[in-house]
Q: 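Have a look at the structure that comes next, please.
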2 protein chains.
Amino acid sequence: MTRRHQQIAEELRQAIAEGTYPVGSALPSESELALTHGVSRGTLRQAFGTLQSEGLIGSRQGARRVVLATTPSQSFTELRSFAQWARAGGRAPGGLVLSSARGKATEAQAAQLQLAPDDEVLHVLRVRTLDGEPVLLERTVYAGWAADAVERLPDDCESVTQSLYEAAGLVMCHGEHHLDAVAAGTTDARELGVRRGSPLLRVRRTTTTADGRPVETSDDRYKPGSVVFTVRNSVQANPLVRTSPTA
Amino acid sequence: MTRRHQQIAEELRQAIAEGTYPVGSALPSESELALTHGVSRGTLRQAFGTLQSEGLIGSRQGARRVVLATTPSQSFTELRSFAQWARAGGRAPGGLVLSSARGKATEAQAAQLQLAPDDEVLHVLRVRTLDGEPVLLERTVYAGWAADAVERLPDDCESVTQSLYEAAGLVMCHGEHHLDAVAAGTTDARELGVRRGSPLLRVRRTTTTADGRPVETSDDRYKPGSVVFTVRNSVQANPLVRTSPTA
DNA sequence: GAGTGGTCTAGACCACAAT
DNA sequence: TTGTGGTCTAGACCACTCG
């Protein structure tokens, strides 16, 4: 059963994509759409909220909502596994474990994974491919309590996140990502097929379960050109003028 | 006048920061907090929604909300100008225009700025500093209709976004950002004080007004080490299992 | 001043989690 | 079974935009 507000959001999304409401134009008012869809204003606002968080529409008090874009910004605001993300873009994800070893957590790792110092962790080096081409090298550290499930996965596992859910009921739910750029090291260069010292996009991330328990922390390095991260955002309620008198 | 739901969100934010609700613990239920704050459940949910979008708490139907982090994720989900962002981190922003010239828009630029081909645009090359150290080189293209206001700004303008608002009423409201990594070119190397070919984080962005009209499109290159972008996100309503039967 | 979105209420029912 | 969050309703008032 799909929720009513989701249906309405999808209808509006399509109408925007089809050009019924071109970029820059105003949408019908809340009360108008609530009437035509036979739904209360609250439900309609919920649908609008979804579209707003996708960056499709913008709003200001007193004025009608405005179309900002025709396609939802994907990728980031919604956490996606590499495999899901690849398939959403119509590309075939692949992967291969290069090495896997148990060891002790460093102090920093223990802190990030909320473990006691010297707790056991599992280090995995994994290359990920898109349509057969290597695009991403992952250095992942799994918390010890998740290590068994990870080790049982096949080396060429296509979707780690999906498999961990199916095999161990592990749901990776929240994530924190830090992005910067680094020069490719020897291993990076060899596995990704680039020159040593060439630029890579680095994403350091920590993933947690629904109740906030960290499962893994990872250093992911992307070959440029193959992958671009996109974020769409807005000044939410407060226009610039309100943020501070002099800032 | 601050809204009730904002006050409650702020109270909860502080309680979380102070450790009243440690990471991983469950928060009181909606109805409970609604009672103690003397407010309806809807208002309380609005406050919770804010905290959720800041990545502080997570929720699943049927279970109590859970604390995921103690500090709100800044920077990205909320659009911020360089100057605002710098001040929020307690650092002093600076800037200097290196060159500024009018010209015709390329086809790609015209499309991105929603201009007619051959419309006039303003190219600005600007270096940005943090505590005096250059960290960012901006190559910005402004739509012709905004060019006059931009040219009237002082060369060492500290906050372009703020000044454009004050001088011309221009409010940059929405933005789309594409992130990848590139090697530093000759100009990048000279202005940022790095070696040619060393890795830079590139952010290509387009900024628009409240009604979706593009003001500028820019190629920004960040010196690594000085700046890290952070994104915190969640699988929203649908847990992994729901996304697709086989994906 | 009319219309719009933002806020808030007080109720209801449902799907799901915990026990 | 009980309690929780997710959905939805039908109203109300306010702050704001716009003609």
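Just so it is clear, the structure is predicted and the values come from calculations on it, not from any experiment. In the text below, chain A, chain B and the rest are named by the order of the sequence lines, each starting its count at 1.
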Q: Let's see if you can work this out: which of dA10(C), dT9(D), dT7(C) has an atom nearest to the side-chain heavy atoms of Val39(A)?
A: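 For the Val39(A) side chain, the nearest candidate turns out to be dT9(D).
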Q: Please report, rounded to the nearest Å, how far the C1' atom of dT7(C) is from the CD atom of Gln6(B).
A: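 Going from Gln6(B) (CD) to dT7(C) (C1'), I get 10 Å.
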Q: Nearest-Å distance, CD (Gln46(B)) to C1' (dC14(D))?
A: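 Going from CD in Gln46(B) over to C1' in dC14(D) covers 14 Å.
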Q: In terms of side-chain heavy atoms, does Glu10(A) have a donor or acceptor partner in Gln14(A) at a distance below 3.5 Å?
A: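 The criterion, which ignores hydrogens and geometry beyond distance, is satisfied for Gln14(A) and Glu10(A).
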Q: Below 4.0 angstrom from OP1 or OP2 of dG11(C), is there any side-chain N or O of Ser40(B)?
A: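 For dG11(C), OP1/OP2 do not have a side-chain N/O of Ser40(B) under 4.0 Å.
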Q: Only one of His177(B), His178(B), Glu216(B) passes side chain to side chain donor-acceptor pair (under 3.5 Å) with Arg205(B); say which it is.
A: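 For Arg205(B), the side chain to side chain donor-acceptor pair (under 3.5 Å) test succeeds with only one of His177(B), His178(B), Glu216(B), which is Glu216(B).
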Q: If you look at every strand shown and take non-hydrogen atoms under 4.0 Å, does Arg65(A) touch a base, only sugar-phosphate, or nothing?
A: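 Answer is sugar-phosphate: Arg65(A) comes under 4.0 Å of backbone atoms only.
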Q: Quick one: which of dG6(C), dC8(D), dA10(C) gets closest to the side chain of Ser59(A)?
A: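 Looking only at side-chain atoms, Ser59(A) lies closest to dG6(C).
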Q: Figure out the CG/C1' separation between Leu35(A) and dT4(C), and round it to whole Å.
A: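 Whole-Å distance recorded here is 15 Å.
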Q: Give every donor-acceptor pair under 3.5 Å between a side-chain atom in residues 27-36 of chain A and any protein atom, sequence neighbours left out.
A:
| residue | atom | partner | partner atom | Å |
| --- | --- | --- | --- | --- |
| Ser29(A) | OG | Glu32(A) | N | 3.2 |
| Glu30(A) | OE1 | Arg41(A) | NE | 2.5 |
| Glu30(A) | OE1 | Arg41(A) | NH2 | 3.0 |
| Glu30(A) | OE2 | Arg45(A) | NH1 | 2.8 |
| Glu30(A) | OE2 | Arg65(A) | NH1 | 2.9 |
| Glu30(A) | OE2 | Arg65(A) | NH2 | 3.3 |
| Thr36(A) | OG1 | Leu33(A) | O | 3.2 |

Q: In whole angstrom, what separates Leu33(B)'s CG from dT9(C)'s C1'?
A: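 So the CG-C1' distance, Leu33(B) to dT9(C), works out to 17 Å.
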Q: Show the numbers, then the answer: is there a side chain to side chain contact (heavy atoms under 4.5 Å, CB included) between Leu51(A) and Ile16(A)?
A: CA-CA 10 Å; Leu51(A) 267 53; Ile16(A) 289 172; 4.2 Å; yes
Q: Run the side chain to side chain contact (heavy atoms under 4.5 Å, CB included) test on Gln7(B) and Arg4(B) for me, step by step, so that the C-alpha distance in whole Å, both residues' side-chain angles and the decisive distance to 0.1 Å come before the verdict.
A: CA-CA 5 Å; Gln7(B) 294 175 16; Arg4(B) 196 74 185 91; 3.0 Å; yes
Q: Please produce a list of atom pairs where a protein N or O lies less than 3.5 Å from an N or O of nucleotides 1-3 of chain C.
A:
| residue | atom | partner | partner atom | Å |
| --- | --- | --- | --- | --- |
| dG3(C) | N2 | Gly62(A) | O | 3.3 |

Q: Tell me the interatomic distance from Leu44(B), atom CG, to dT7(C), atom P, rounded to whole angstroms.
A: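 Nearest whole value for this atom pair: 15 Å.
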Q: Can you tell me how far P of dC8(C) sits from CZ of Arg4(B), to the nearest Å?
A: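 Going from Arg4(B) (CZ) to dC8(C) (P), I get 8 Å.
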Q: Is there a donor and acceptor pair, one atom on the side chain of Arg41(B) and one on the base of dG6(D), closer than 3.5 Å?
A: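 Donor-acceptor pair under 3.5 Å: yes.
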Q: So, is Arg60(B) close to the dA18(C) phosphate, meaning a side-chain N or O under 4.0 Å from OP1 or OP2?
A: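 Indeed, a polar side-chain atom of Arg60(B) lies that close.
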Q: Toward the 5' end of DNA chain D, which comes first, Arg45(B) or Gln61(A), by nearest nucleotide?
A: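 Result: Arg45(B).
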Q: Ser31(B) has a side chain; which of dC18(D), dT4(D), dG6(D) sits nearest to it?
A: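 It is dT4(D).
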Q: In the structure I gave you, are the side-chain heavy atoms of Gln114(B) and Thr208(B) within less than 4.5 Å of one another anywhere?
A: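 Answer no - side chains too far apart.
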Q: Rounded to whole angstrom units, what separation is found between the CD1 atom of Ile8(B) and the P atom of dC8(C)?
A: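 Value for this atom pair: 8 Å.
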Q: Can you check the Glu30(B) CD to dT7(D) P distance for me, whole Å?
A: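 To the nearest whole Å, that distance equals 11 Å.
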Q: NE2/His5(A) to OG1/Thr43(A) distance, rounded to the nearest 0.5 angstrom?
A: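 Between His5(A) NE2 and Thr43(A) OG1, I get 8.0 Å after rounding to 0.5 Å.
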